[in-house]
Amino acid sequence: MSEPRGECDLAVVGAGILGLATARELLRRHPHLTVQVLEREAAVARHQTGHNSGVIHQGVYYQPGSLKARLCVAGARELYDYCDARGIPAERCGKLIVATAADELPRLDELERRGAANGVPGLRRVDADELREIEPHARGVAALHSPETGIVDYARVAAAFADDIAEAGGTISTGCGVTGITPAGGRVRIAHDRGETRARHAVFCAGAWSDRLAVMAGGDPDPRIVPFRGAYRLLRPQQRSLVRGMIYPVPDPELPFLGVHLTRRIDGEVLIGPSALLAGARDAYSLGRLVPDDIASTLTWPGSYRMARRFWRTGIEELRHVLPGGTFVAAAARYVPELREGDVTGGFAGVRAQAVGRDGRLVDDFVFSHTERALHVRNAPSPGATSSLAIARHIADEAARSFDLPTTTAS
Ligand SMILES: Cc1cc2nc3c(=O)[nH]c(=O)nc-3n(C[C@H](O)[C@H](O)[C@H](O)COP(=O)(O)OP(=O)(O)OC[C@H]3O[C@@H](n4cnc5c(N)ncnc54)[C@H](O)[C@@H]3O)c2cc1C
């Protein structure tokens with residue numbers, strides 16, 4: 001475990017994939033500056049980065065012109081190149097978005113329009129017959145096929161970023177939960193569990209805790225992070241052949257979630273999920289985990305009630321997915337009819353750091369903000385991992401504009 005520096009040029013808080021990608025990019029551009037990563041946990045990638053479905057998205061869903069659209073398309077390309085260069089397994093197994101009934105076709109049309117506008121490589125519409133050629137066990141009236149959508153282990157990518165940082169002379173210190181942030185005397189004083197680090201500038205990439213650190217640094221409390229637990233089940237080994245790549249439903253355009261889907265994982269498992277249930281903690285990996293501060297934070301946020309009023313029907317549906325004898329498998333059986341309740345086993349959960357506005361809006365796009373001498377990632381849900389290298393460039397560009405740093409590139 002590296003000793004945290006007392007002084008540095010740039011501090012990056014959070015060693016998930018975004019903090020690590022950002023520290024790596026800052027070091028590439030400013031190799032002569034000292035970069036210190038501060039992470040609360042005992043190792044990197046312990047939260048969202050280590051608890052997701054491992055999909056390399058291609059940018060089908062996102063509003064053209066949004067940061068998500070731009071950074072996902074660029075980020076996916078860069079990520080494949082990075083994995084090739086570093087020998088990290090990544091597989092382009094392709095994805096189908098299946099419309100199961102005619103009333104879903106207008107939404108499929110809209111996704112096709114968005115995908116084309118965003119420049120999603122190889123995206124095309126397929127009919128019911130071709131859909132079955134691509135995924136023999138899937139059924140629907142039409143689908144979109146994204147052949148470049150792929151899979152990777154994001155914890156492994158994050159570990160490679162951490163190696164790059166160490167090689168470039170940066171320091172990653174774990175066990176450094178940040179407890180105070182004070183801009184003073186041309187520095188940001190960052191108090192943490194192992195002392196204090198005084199940085200010329202700082203970037204905060206704290207995932208589910210990003211709102212707390214932004215407020216601690218003097219930032220706006222809006223938006224607040226409201227955690228959503230996303231649980232997955234696994235297909236039994238003998239049923240994995242039901243899915244060649246990935247099969248997704250047409251999502252509800254009102255929600256930033258993609259619906260219950262089937263995803264092959266790079267280790268060969270096939271995931272079914274996720275659910276999207278309001279969680280009792282920002283690290284609610286088990287259903288019973290409740291953290292009073294996290295619950296209070298959700299309950300005292302006016303946006304939580306506005307969101308609940310708008311989406312209560314969806315909430316009930318999500319609850320039905322996860323209750324014993326629930327409708328989770330039935331949701332996927334709409335487009336893979338052979339699936340049976342007994343085909344699933346075990347599973348795991350992740351927690352989405354979903355920013356919710358005071359007005360109850362589920363913030364869809366990536367959000368970045370400033371406080372004195374600092375930048376903050378305020379909303380980076382999926383496809384945040386896919387986009388990590390492009391997000392890091394975006395942050396480094398912003399740092400070059402607002403931090404008054406030299407801008408020579410290392411490569
Ligand atoms: C269920 C689920 C499925 C997903 N699937 C996909 C997918 O298939 N493809 C995709 O591209 N994206 C996916 N995502 C999104 C993706 O995982 C995230 O966008 C990405 O991991 C965000 O990275 P991060 O570094 O911001 O957050 P995190 O990985 O959560 O890292 C934040 C870090 O900050 C640290 N931290 C917090 N507070 C402090 C503090 N006070 N002091 C010090 N350190 C602190 C935490 O310990 C943590 O290590 C999924 C997310 C979830 C939850």
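Both ligands and their constituent atoms are indexed starting at 1 by order of listing. Numbering starts at 1 and runs along the sequence shown.
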Exercise. Under 3.5 Å, side chain of Arg233 to main-chain N/O of Gly346, donor-acceptor pair present?
Worked result: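 Side chain of Arg233 to backbone of Gly346, a donor-acceptor pair under 3.5 Å: yes, one is there.
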Considering only heavy atoms, does [X] approach ligand 1 within less than 4.0 Å through its side chain, its backbone, both, or neither?
X: Ser210; value: neither
X: His57; value: side chain
X: Ala45; value: neither

Could you list which atoms of ligand 1 come closer than 4.0 Å to a heavy atom of [X]?
X: Gly14; answer: 33 (C), 34 (O), 35 (C)
X: Val351; answer: 53 (C)
X: Cys205; answer: 32 (C), 33 (C), 34 (O)
X: His47; answer: 30 (O), 46 (C), 47 (O), 48 (C)
X: Cys176; answer: 42 (N), 43 (C)
X: Arg352; answer: 53 (C)
X: Thr386; answer: 9 (N), 10 (C), 11 (O)
X: Tyr232; answer: 1 (C), 2 (C), 3 (C)

Problem set entry | Proximity winner for atom 19 (O) of ligand 1, if only heavy atoms of Ala380, Pro227, Gly230, Gly180 are counted |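 The nearest heavy atom belongs to Ala380.
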Exercise. Relative to atom 17 (O) of ligand 1, which among Leu38, Asn52, Ile151, Val44 owns the nearest non-hydrogen atom?
Worked result: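 Nearest heavy atom to atom 17 (O) of ligand 1 lies in Asn52.
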Purely on distance, is any nitrogen or oxygen of [X] under 3.5 Å from one on ligand 1?
X: His51; answer: no
X: Trp209; answer: no
X: Val55; answer: yes
X: Arg46; answer: no
X: Glu41; answer: no
X: Ile17; answer: yes

For this session: Dump the intermediate steps for salt bridge (Lys or Arg N to Asp or Glu O under 4.0 Å) on Glu130 and Arg124, then the final yes or no.
Result: CA-CA 11 Å; Glu130 202 178 347; Arg124 87 196 161 83; 2.4 Å; yes
Exercise. Can you find a pair of side-chain heavy atoms, one from Phe204 and one from Ser210, that are under 4.5 Å apart?
Worked result: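 Sidechains of Ser210 and Phe204: no contact.
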Problem set entry | pair Leu271-Leu234: side-chain heavy atoms closer than 4.5 Å |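 In contact.
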For this session: Have a look at Asp294 and tell me which of Arg212, Arg224, Arg229 forms a salt bridge (charged side-chain N to carboxylate O under 4.0 Å, His left out) with it.
Result: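 The single option meeting the salt bridge (charged side-chain N to carboxylate O under 4.0 Å, His left out) with Asp294 is Arg212.
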Exercise. Taking atom types as modelled and ignoring hydrogens, do the side chains of Thr197 and Arg5 form a donor-acceptor contact shorter than 3.5 angstrom?
Worked result: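 Distance-only check fails for Thr197 and Arg5.
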Exercise. Are side-chain N/O atoms of Thr100 and Arg334 paired as donor and acceptor at under 3.5 Å?
Worked result: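 Yes, a side-chain donor-acceptor pair sits under 3.5 Å.
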Exercise. Applying the ring pair (Phe, Tyr, Trp, His ring centres under 6.0 Å) test to His51, which of Tyr154, Tyr285, Tyr232 qualifies?
Worked result: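 Of all the options given, the one that passes is Tyr285.
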For this session: Could you tell me whether Phe368 and His376 have their ring centroids closer than 6.0 angstrom?
Result: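 Judged by ring-centre distance (under 6.0 Å), Phe368 and His376 do not meet the cut-off.
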For this session: Please determine if Asp109 and Arg125 form a salt bridge, counting it only when a charged side-chain N lies under 4.0 Å from a carboxylate O.
Result: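 Salt bridge present between Asp109 and Arg125.
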